[in-house]
Amino acid sequence: MSERRKQYPFDVIEPKWQARWDEEKTFGAPNPGDPGFDPGKPKYYVLDMFPYPSGQGLHVGHPEGYTATDIMARFKRMKGFNVLHPMGWDAFGLPAEQYAIKTGQHPRVTTEKNVERFRGQLKRLGFSYDWEREVNTTDPGYVKWTQWIFLRLYNSYFDEREKAARPIRRLEEKRRAELPEETAEERRAFLDSQRLAFVSEAPVNWCPELGTVLSNEEVVDGKSEVGGFDVERRPMRQWMLRITAYGHRLIDELEPLDWPEGIKALQRNWIGRSEGADVTFRVQRTNDRITVFTTRPDTLFGATYMVLAPEHPLVAEITTPDQQRAVDQYKIDASNKSDMQRTELAKDKTGVFTGGYAVNPVNGEDVPIWIADYVLMSYGTGAIMAVPAHDERDFEFAQEFNLEIREVVHPKNAPDRDDDDDEPHCFAGKGIAVNSPLIDGLETDEAKAKMIDWLESNGFGRRAINFKLRDWLFSRQRYWGEPFPILWEKGLHRAIDENDLPLALPEMEDFKPTGTTDPPLSKAIDWVRVDGASRETNTMPQWAGSCWYYLRYCDARNSERFIGEEAEEYWMGAENEEAGGVDLYIGGTEHAVLHLLYARFWHKVLFDLGYVSTPEPFQKLVNQGLIQGEDGQKMSKSRGNVVNPDDVVEEYGADSLRLFEMFMGPLEQTKPWSTKGVEGVFRFLSRVWRLCMESDQEGNWMVSSVLVDEDADRKTLKVLHETIKKVSSDIEGLDFNTAIAQMMVCTNELTQLEKRPVRAVATLLQLLNPFAPHLSEELHELLANKFPSLHQTEIARQTWPEYKDEFLVVDEIEMVVQVNGKLRDRIVVKKESSKEEIERTALACEKVQPFTEGKTVRKVIVVAGKLVNIVAN
RNA sequence: GCCGCCAUGGCGGAAUUGGUAGACGCAUCGGACUUAAAAUCCGAAGAGAGCGAUCUCGUGUGGGUUCGAGUCCCACUGGCGGUACCA
C-alpha cells in the first residue's frame, strides 16, 4: 500500500535536506555587526505566533500559518532581503501546570519534552527558521527580561499631558517641588497609586476550580476560557497593569495598521471608547453630588429619574428610612447573583426606589433616585441619568415601574404618528431636540455640543470619554509562571535589585493550588522570606512572555539587554517610507483581544520610555482560516475528525502537506480538510519529479533523457514567464492557491514537450522552491550535476527569477465578439490591428449576422485585447 | 440587538480597474497501456433542448445603474465568527 504511494522518494530526500539546512545553518540571519552581515540588504521580518507546546503536538492548523510565512521568508531571501524568520515557545501556562499536577511530574520536565517534540515536528516540515534565535519564555535568560520589563512598568507612570509613560522618578521630583510639606508616607502612597503596575484591592474574577484569578479577557460567558469552569467575583489584592491609560492610543494608532478590518473592529469594540459628558446632579436636602456619564447630554431634559448601581457608595446616604429594608434586601439579592445569572435575567428589569431625589441641573426638577442591577458599578461612574424616551433599557425600566417617559428628541422626517401616539415608544436615534428650552430645534450633534458648553460654563459637568476597557489583572495564583520581582515589607512593596534578576521559581515538590486564595509559592517558605521582607507569591499570567518575544528574536542571545539597540533599530526600525516593526505577522484570530492588545500595550510603554523605535509592533497582520475536519465540522477528538500532520507527512511527505494546505483555498478562509486533495497535490509533485526523472528496468531513478540543454520555444517561454509573473505577484499577495494552480499549468505544459528545455525546468523548480523546498532542491541538484549550464548552488541561495515582458506578448490575439453583451463568436486579430479593422472583422463574422440582421448597429465597443461588443436594435 | 465576514458546478475553489463565468484540483465517465488490476498517460464534462452546427438558461432572492454585472448601488434571505444591560 505505502509502496504504491511512494511515486517519488520523499522519505529519503526530505530528511537529507533538513539535515543539510541544519548543519550548514542555511537560514541563519546575521545581525548588524555579525560576520556576513550585508548593510546594503533591506530587512524583512516575518513572524509566526509562537505555539504553546501542548502535550498533543502539532495539529494541522499550525502548519497552515507556518507554511505561509515560510513561503514568504524563502521568497524574500531569494529576492535579496535579509530575512528574520524565527520560532520559539510560549511555554508557561495553565495546561502544563495542570498536567504536572495530574502526573506529579515537574512542569519544567513536561515542558521540555513537549518543546522537543514540537521542534522535531516543525523541522520535519522543512521550515526555514533561524534556529539560533529560538526562544523559550520559561528559560531563566528570558524570564530575566520579562521581569525587567515588568519593573519598567512598575517604575513608570502615565503622564496625562504628554499622553505617554514616563519614569516615576520624574513624578516624584515634581511632587516634592509642588507639595514640600507632604510626608514621605503620603508621597509614597500617591506614587504607588500612579504606577503602571500597581496593586489594587478590587472585585476580580476568581475561578475556584483553577484556583486562580483570571483577566476579563480570559472569562467567556461567565466561565473560564481554559476548562470552562465557573468564575465568581470576589475582592482580592491583585497586581494590575494600567492599560486603560492607553485606551486612546490603542484605538487611534490602530487605524493605519495593515490588519484585517474584523480584528481592528474587535479591538475597537473591546476598548469601547464612547464620547459624551459627565453631569453632576445635586442630591436633594444633602450636600451629596452624583456624577453620571452620558453619551446623550442632549437628552438631559428627558431625564426623569436616576439609577445607581447597588454597590454605589452613596446608596446608604440617599436611602430614606422607610425604603431602607427594601434597598438592603435588593443589595443582598444583587450580590448573590453570579454574572451568569445577571446576564440571563437581562430581559427583566428589577430595581428599588431609594426614597431620595436629585435635582436635574437643566430644569431644577426633582427626579427620583433608584437602584438597579442593570447599572454596573464597573462602567462610567456607576450611576446614570435615565432617559426612558430615548434609551431602550431606561424605557423598559420605566414601563416596569411606571416612571415618566418624556420625549425630548423627535425623529427627523418621521411621519406624524398621531394614530398610535398614546402608545409609549422609545427612540434611541438622532433627531431634533424638543421640549428642551436650551436646545430646542437643534439636531442631535449640535444639541450635544451646546449642552456640554452650557454644563461646563455653569459648573454642572464637562466633556468626558469613557472606555469599556478595564485595567489588566496581571497576577495569578499559580506556580508555573514568572515570579514578580517584588518584595513586601510592612505592607509596602518595592522592586528587587535589577542585578538580582532573574528571580527564579523555587524548586518545589508540591506546587498544587493551596485550596485557598494563597498562591502555591506561599508554601515555599525559605524562598518567600528575605531578611525582614517577604517575596510576592503571585506569578505573572501566560501573556507576559508573549508580550515581547518578537523583540527578543531580534537579539535572542544578548545577555546585557533585552534587545540590543542596533538590532532593534535594524529589525524593528522604520526605514524610509516603511512604517517599521514586524513586516508580516500571521496567526489565529483567537488572539484578537488578548495577546495582540497586550503586546501593543507593552510595546507602547517601551516606546515611550525610549527602548524601541516604533509605536506599533506589528505592521501587517493576517489571520489564517480555521481548517475543519473532512466532514466540514470543527476538528475535535469527540467528533473523531482530527487529522494528525505526522500521519500525512509519513504517507505523502512534508512537501505534500505544505502544498496541500496552501492549495486548499484562500489563506484567511475557513476550509475543510480533504484527503483526496492531499493525494491531488501529491500527484502534482510526482509529476514534477517525473518531469525531471525516469526509471530504468530495475526501477532506479535517473535524470530524464528527454531533458535537453536547448532554448525553449516561444510558446513554452510564454507559459514559463506567465508563471514567473503570476507566482511572484501571488506570493506577495499571499494568494498561494492560485500560484500553485499556475505552476500546475506550467508543469503540464512542460510535460507534454517531447524535448524538455532544462533551463525552463530549473526555473520552474525555483518558483516551486518556497512551497516544496525539499523536492525542488533535490531535483535541482540532480539536474545541476548533469547540466553544467545550470546554477551550481542550491536554490535557497539563488536569486528569484524575473519575467520578461517580451515573452508574454503574442502576435495574434483572440478576441471575443458579443452582440448586445452576449457572446456570439471569437476572432483572431493581429496584435497591432487598429480599432477600425477589428470592428470590421467583428461585424463581418458569420455567426454575428443572424443577430444583427434587420437591426441597426448603434455602437461598437472595442476593449483592447479582450472583446468587441456590438450594440444593435 | 449590534459589529465583522461569507454565499459561484457533485465538491474545494478561479475570474486585473465592471469585459470570454467555472482556471487549477478532487470526484465522475470514456480511451490507451496491462493477462488483469494499481500506477501512469490522453480525452469528456454547469444545466436543459437537439443527430448536429447551434440555441436557451445560469454566480443565494428581488430591483436598479451600464453597451456589458459574480464584480457597482438599493432592499432582502441564509450561514459563519465576535459581542452583548457599556449609559
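Chain identifiers are assigned alphabetically (A, B, ...) following the order of the sequence lines, protein sequences preceding nucleic acid strands; residue numbering begins at 1 within each chain.
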When all nucleic acid strands are considered with a 4.0 Å heavy-atom cut-off, which category describes [X]: base, sugar-phosphate, or nothing?
X	value
A/Arg858	nothing
A/Val871	sugar-phosphate
A/Asp394	nothing
A/Arg824	sugar-phosphate
A/Thr751	nothing
A/Phe395	nothing

Inset, instruction - Would you check if there is a donor-acceptor pair between the side chains of A/Asp278 and A/Thr291 at a distance under 3.5 Å? - result: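 Side-chain D/A pair, A/Thr291 to A/Asp278: absent.
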Using atom [atom1] of each nucleotide, how far apart are [N] and [M] to the nearest Å?
N	M	atom1	answer
B/C51	B/C42	P	33 Å
B/G12	B/U16	C1'	23 Å
B/A7	B/G60	P	8 Å
B/G9	B/A45	C1'	10 Å
B/U71	B/A21	P	14 Å

Can you give me every donor-acceptor pair (side chain of residues 661-669 of chain A, partner residue at least two apart or in another chain, under 3.5 Å) with its distance?
from	atom 1	to	atom 2	distance (Å)
A/Glu661	OE1	A/Glu64	N	3.0

Legend entry - Basic-acidic side-chain contact under 4.0 Å: A/Lys835, A/Glu839: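 A/Glu839 and A/Lys835: not salt-bridged.
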Legend entry - Ionic contact status for A/Lys676 with A/Glu630, cut-off 4.0 Å: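 Here A/Glu630 does not pair with A/Lys676 in a salt bridge, since their nearest N and O are not under 4.0 Å apart.
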Inset, instruction - State, with a plain yes or no, whether a side-chain heavy atom of A/Asp298 is found less than 4.5 Å away from one of A/Ser436. - result: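 SC-SC contact between A/Asp298 and A/Ser436 ruled out.
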Taking the side chain of [X] as heavy atoms from C-beta outward, which of [options] is closest to it?
X	options	answer
A/Tyr374	B/U20, B/A87, B/C85	B/C85
A/Pro672	B/C67, B/G12, B/C85	B/G12
A/Leu376	B/A14, B/A87, B/G19	B/A87
A/Asn737	B/A87, B/C67, B/A14	B/A14
A/Leu867	B/G19, B/C55, B/U40	B/G19

Within the pair [X] and [N], is there a side-chain N or O less than 4.0 Å away from OP1 or OP2?
X	N	value
A/Arg690	B/C41	yes
A/Lys822	B/C57	yes
A/Thr670	B/C6	no
A/Lys847	B/U54	yes

Inset, instruction - Select from A/Arg826 and A/Gln669 the residue whose nearest nucleotide in RNA chain B is closer to the 5' end of that strand. - result: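 Upstream on the strand: A/Gln669.
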Legend entry - Test ring-ring contact (aromatic ring centres under 6.0 Å, His included) applied to A/Tyr305 and A/Phe401, step by step: CA-CA 11 Å; A/Tyr305 66 102; A/Phe401 295 102; 8.9 Å; no
Legend entry - RNA chain B base-pair string [pairs: Watson-Crick or G-U under 3.5 Å; |: paired with another strand]: (((((((..(((......[....))).(((((.......))))).((((....))))..(((((..]....))))))))))))....
Every protein N/O lying under 3.5 Å from an N/O of nucleotides 24-30 of chain B:
from	atom 1	to	atom 2	distance (Å)
B/G25	OP1	A/Asn748	ND2	3.4
B/C26	OP1	A/Arg683	NE	3.0
B/C26	OP1	A/Arg683	NH2	2.8
B/A27	OP2	A/Arg683	NH2	3.2

Legend entry - With sequence neighbours excluded, residues passing salt bridge (Lys or Arg N to Asp or Glu O under 4.0 Å) with A/Glu400: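 Scan of A/Glu400 (salt bridge (Lys or Arg N to Asp or Glu O under 4.0 Å), adjacent residues dropped) gives none.
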Legend entry - Set of residues satisfying ring-ring contact (aromatic ring centres under 6.0 Å, His included) with respect to A/Phe301, sequence neighbours excluded: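 For A/Phe301, no residue satisfies ring-ring contact (aromatic ring centres under 6.0 Å, His included) once neighbours in sequence are set aside.
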Inset, instruction - Assess whether atom NZ of A/Lys264 is packed by more than 12 heavy atoms of other residues, nucleotides or ligands within 6.0 Å. - result: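 Result for NZ/A/Lys264: enclosed.
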Legend entry - Member of A/Phe736, A/Phe682, A/Trp673 meeting the ring-ring contact (aromatic ring centres under 6.0 Å, His included) criterion with A/Phe660: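 Result: among A/Phe736, A/Phe682, A/Trp673, A/Trp673 is the only option passing the ring-ring contact (aromatic ring centres under 6.0 Å, His included) with A/Phe660.
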Legend entry - Residue-level proximity of residues 259-271 of chain A to RNA chain B when a heavy atom falls under 4.0 Å: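 Contacting residues: A/Gly262, A/Ala265, A/Leu266.
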Legend entry - N-glycosidic conformation, B/G9 - syn within 90 degrees of 0, else anti: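 For B/G9, whose glycosidic angle is within 90° of 0, the conformation is syn.
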